[in-house]
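Below is one structure, written out as structure tokens; the observations come after it.
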Amino acid sequence: MYDREARFKMEDTMNAARIEYTEKGVMHMASRRCDIVRISLSSAVLAILTQYNLPKQFYLDIPDARITKIGCMLMRVNANNTVEVRFLRLLTQKELNRIFVYSTHPAHRDRVLDIRG
């Protein structure tokens, strides 16, 4: 399924995020902090602060941009504590712009939030 999908351009960003997943079946919801290093409409690269075992599917929350429960699928785990994930739905351009507004990356310093619609 993912090999026939259109590729979207990844952009550098720096946002705080939270990974949420279930541990021990359905009974316990765990969350871990991470940073979004690169993002596109369909995927992201996350920097994890400490090493731990991630499940194949989890949710990504971006509290600063007020975006919750983005379904993610783990694609690759890199040796430098980064992971590549694919979103289970495409982000909208409005959500992506909101992420860039709250980014601390120097490339997005001049972005402003559009409050019209």
Euclidean distance, [Y] [atom2] relative to [X] [atom1], rounded to 0.5 Å:
X: Lys94; Y: Ile99; atom1: NZ; atom2: CD1; result: 13.0 Å
X: Phe58; Y: Ile70; atom1: CZ; atom2: CD1; result: 10.5 Å
X: Leu46; Y: Leu60; atom1: CG; atom2: CG; result: 5.5 Å
X: Leu91; Y: Ile67; atom1: CG; atom2: CD1; result: 6.5 Å

### Pair listing, salt bridge (Lys or Arg N to Asp or Glu O under 4.0 Å) test, anchored in residues 45-66, at least two apart
Arg18-Asp61
### Query
Between the main-chain N or O of Ala47 and the side-chain N or O of Thr82, is there a donor-acceptor pair closer than 3.5 Å?
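No, because the side chain of Thr82 does not come within donor-acceptor range (under 3.5 Å) of the backbone of Ala47.
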Find out whether [X] and [Y] are in side-chain contact, i.e. whether some heavy atom of one side chain is under 4.5 Å from a heavy atom of the other.
X: Val77; Y: Leu54; result: no
X: His105; Y: Asn15; result: no
X: Tyr59; Y: Met29; result: yes
X: Met73; Y: Val85; result: no

Give every donor-acceptor pair under 3.5 Å between a side-chain atom in residues 30-39 and any protein atom, sequence neighbours left out.
unit_1, atom_1, unit_2, atom_2, d
Arg38, NE, Asp12, OD1, 3.3
Arg38, NH2, Met10, O, 3.2

#### Entry: Which residues share a salt bridge (Lys or Arg N to Asp or Glu O under 4.0 Å) with Arg89, sequence neighbours left out
Glu95
Ignoring hydrogens, what is the shortest heavy-atom contact between [X] and [Y]? Give both atom names and the distance.
X: Ala17; Y: Pro63; answer: CA-CD, 4.2 Å
X: Ala65; Y: Tyr102; answer: CA-CD1, 3.7 Å
X: Ala44; Y: Phe87; answer: CB-CZ, 3.7 Å

Got a sec, which residues hit side-chain hydrogen bond (donor to acceptor under 3.5 Å, both in side chains) with [X], two or more places apart in sequence or on another chain?
X: Ser103; answer: Thr13
X: Thr68; answer: none
X: Lys69; answer: Glu20
X: Arg76; answer: Glu84

### Query
What residues, two or more places apart in sequence or in another chain, satisfy ring-ring contact (aromatic ring centres under 6.0 Å, His included) together with Phe100?
His108
#### Entry: Partner residues of Asn53 under the side chain to side chain contact (heavy atoms under 4.5 Å, CB included) criterion, sequence neighbours left out
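Partners of Asn53 under the side chain to side chain contact (heavy atoms under 4.5 Å, CB included) test: none.
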### Message
Check for me, please, whether Met75 and Val45 land in the same ILVMFWY cluster - side-chain distances under 4.5 Å, paths through other members count.
### Response
no
### Query
When clusters are formed by joining ILVMFWY residues with side-chain heavy atoms under 4.5 Å apart, either directly or through shared neighbours, do Leu74 and Tyr21 land in the same one?
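Yes.
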### Task
Check the pair Val83, Asn78 against side-chain contact (heavy atoms from CB on, under 4.5 Å), reporting the backbone distance first and the verdict last.
CA-CA 6 Å; Val83 294; Asn78 299 324; over 6 Å; no
